[in-house]
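Please read the structure below before turning to the comments.
Each residue takes its place number in the sequence, starting with 1. Keep in mind the model is a prediction, meaning the values are calculated, not measured.
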Amino acid sequence: MTAPMRALLGFVAAVLSVLTFHQGMWAVLYVLGMMPRAPYPMTPVPPLGVPLIVSLCFWGGLYGLVFGLALPRLPRAPMWLLGLGLGLLAALVGWFVVAPLKGQPVASGFDPARMLASVLINGFWGIGVGVILPFLLPRGAGRAWSVSRG
């Protein structure tokens with residue numbers, strides 16, 4: 001499979017995972033009182049004023065694009081586990097790169113509840129990428145991938 005096709009499928013898998021796994025965990029945490037706003041937030045975000053859910057899908061998709069490109073170089077492991085690693089990486093980038101760029105406290109101010117919410121949401125999203133992507137791969141590639149990756 002070509003690199004551009006893996007990138008595209010990684011992007012699509014990650015967007016679908018935002019809409020299902022990510023927002024599903026967000027909903028659970030919202031019901032438990034750990035998230036201040038309901039899932040599928042439509043609040044406009046700067047600089048373009050797009051709804052937050054659209055922004056989350058876009059940025060999640062970019063992570064998925066890179067994941068798709070990196071797939072052949074990743075270690076042999078179940079795809080869901082590789083996806084979990086992607087989600088944990090996304091949480092770390094959010095804490096130590098994105099938050100300071102936005103003028104927010106590093107690592108959610110080291111508030112354990114907020115950090116846990118971030119790990120759960122991003123980790124579940126990553127697992128979703130690892131679960132969804134094999135379904136998007138072409139039939140032959142999907143079978144070969146699942147056999148070679150456990």
Side-chain angles (χ1 to χ4, degrees), residues 1-29 35 37 39-110 114-150:
M1 171 178 296
T2 66
M5 181 57 72
R6 282 195 325 272
L8 174 64
L9 294 177
F11 185 91
V12 170
V15 168
L16 292 173
S17 187
V18 168
L19 295 172
T20 55
F21 286 76
H22 182 282
Q23 291 300 289
M25 179 55 74
W26 184 314
V28 168
L29 297 177
M35 291 297 290
R37 59 181 128 176
Y40 302 98
M42 298 302 289
T43 310
V45 293
L48 302 176
V50 299
L52 178 54
I53 188 64
V54 173
S55 178
L56 292 169
C57 285
F58 173 75
W59 289 107
L62 288 184
Y63 276 93
L65 183 148
V66 173
F67 184 72
L69 288 174
L71 214 47
R73 292 173 180 81
L74 296 177
R76 295 189 98 172
M79 187 77 84
W80 69 265
L81 188 57
L82 296 173
L84 175 60
L86 173 68
L88 297 177
L89 176 65
L92 289 170
V93 170
W95 290 345
F96 296 107
V97 177
V98 176
L101 288 173
K102 291 182 168 185
Q104 298 170 350
V106 172
S108 302
F110 293 96
R114 291 179 59 205
M115 292 178 78
L116 176 62
S118 176
V119 167
L120 288 172
I121 290 170
N122 286 294
F124 206 58
W125 163 78
I127 290 170
V129 173
V131 167
I132 294 169
L133 183 56
F135 288 104
L136 300 178
L137 294 171
R139 186 176 177 137
R143 240 182 295 150
W145 182 258
S146 64
V147 168
S148 69
R149 294 296 183 195

Under the side-chain contact (heavy atoms from CB on, under 4.5 Å) rule, collect the residues that match up with P105, sequence neighbours excluded.
none

Which pair of heavy atoms, one from C57 and one from L19, lies closest together, and at what distance?
SG-CD2, 3.6 Å

Working to the nearest 0.5 Å, report the span between CG of L116 and CD1 of I121.
9.5 Å

Applying side-chain hydrogen bond (donor to acceptor under 3.5 Å, both in side chains) as the test, list every pair that has at least one member in residues 14-26; sequence neighbours left out.
none

Which heavy atom in P100 sits nearest to a heavy atom in V106, and how many Å separate them?
CG-CG2, 3.8 Å

Note, M79 side chain near V131 side chain (heavy atom, < 4.5 Å):
no

Side-chain touch V18/I53, heavy atoms, less than 4.5 angstrom:
yes

Once rounded to the nearest 0.5 Å, what's the spacing between atom CG of L120 and atom CH2 of W125?
15.0 Å

Interatomic distance, L92 atom CG to N122 atom CG [nearest 0.5 angstrom]
9.5 Å

Return each pair, listed once, that meets side-chain hydrogen bond (donor to acceptor under 3.5 Å, both in side chains) where at least one residue sits in residues 39-53; pairs must be two or more places apart or across chains.
none

Please list, chain by chain and in numerical order, all residues satisfying ring-ring contact (aromatic ring centres under 6.0 Å, His included) with F124, sequence neighbours excluded.
F21

Contact between V98 and W59 at the side-chain level, heavy atoms closer than 4.5 Å - yes or no?
no

Rounded to the nearest 0.5 Å, what separates atom CG in L88 from atom CD1 in I127?
8.0 Å

Sequence neighbours excluded, which residues qualify as side-chain contact (heavy atoms from CB on, under 4.5 Å) partners of A3?
R6, L69

Applying side-chain contact (heavy atoms from CB on, under 4.5 Å), can you list everything that pairs with M115, at least two apart in sequence or on another chain?
W95, A107, S108, F110

What's the shortest heavy-atom distance between P134 and V129, and which atoms?
CD-O, 4.4 Å

How many angstroms lie between CG in L133 and CG in L82, if you round to the nearest 0.5 Å?
10.0 Å

Can you name the residues that form a side-chain contact (heavy atoms from CB on, under 4.5 Å) with V45, not counting sequence neighbours?
V50, L52, S55

For G61 and A14 the tightest heavy-atom approach is CA-CB, 3.8 Å

